[in-house]
Amino acid sequence: MKENTTPAQGRHSLNLKSGNEQQSFIWIIAAVRRDCPTIKATIHHIAAPTEREARLSLVKDHVCFFAGRINQAVSHA
């Protein structure tokens, strides 16, 4: 299986708006509890400007698998 890695620089450049205001996303992360004897993934929806911040909210008790993101501030021209 081919492994694709997005550079951190690329991820953060997508998250910045003009000025010092950051764009907000809903991150959809599948995670398995570290203390669970069976592998049962649960889906978490976390509002955060970056994937890293979203993962940090779960990393203490979970092994996280990134699934996707939803842009909260969609503007149609």
K.L.:
Once rounded to the nearest 0.5 Å, what's the spacing between atom CG of Leu58 and atom CD1 of Ile29?
P.N.:
5.5 Å
K.L.:
Hey, is the main chain of Ile26 close enough, under 3.5 Å, to the side chain of Arg69 for a donor-acceptor pair?
P.N.:
no
K.L.:
Taking everything shown except Ile39 itself, do over 12 heavy atoms lie less than 6.0 Å from its CD1?
P.N.:
no
K.L.:
Name the residue from Arg52, Glu53, Glu51 that meets the side-chain contact (heavy atoms from CB on, under 4.5 Å) definition with Arg55.
P.N.:
Glu51
K.L.:
Let me check something: do Ile70 and Ile43 share a hydrophobic cluster, defined by ILVMFWY side-chain heavy atoms less than 4.5 Å apart, either directly or through other members?
P.N.:
yes
K.L.:
Is a donor on one side and an acceptor on the other found under 3.5 Å between the side chain of Arg33 and the backbone of Thr38?
P.N.:
no
K.L.:
So how far is it from Thr50 OG1 to Trp27 CH2, rounded to the nearest 0.5 Å?
P.N.:
7.0 Å
K.L.:
Got a second to check how far Ile28's CD1 is from His44's NE2, nearest 0.5 Å?
P.N.:
12.5 Å
K.L.:
Could you walk me through whether Asp35 and Asp61 pass side chain to side chain contact (heavy atoms under 4.5 Å, CB included), step by step?
P.N.:
CA-CA 8 Å; Asp35 60 355; Asp61 299 321; over 6 Å; no
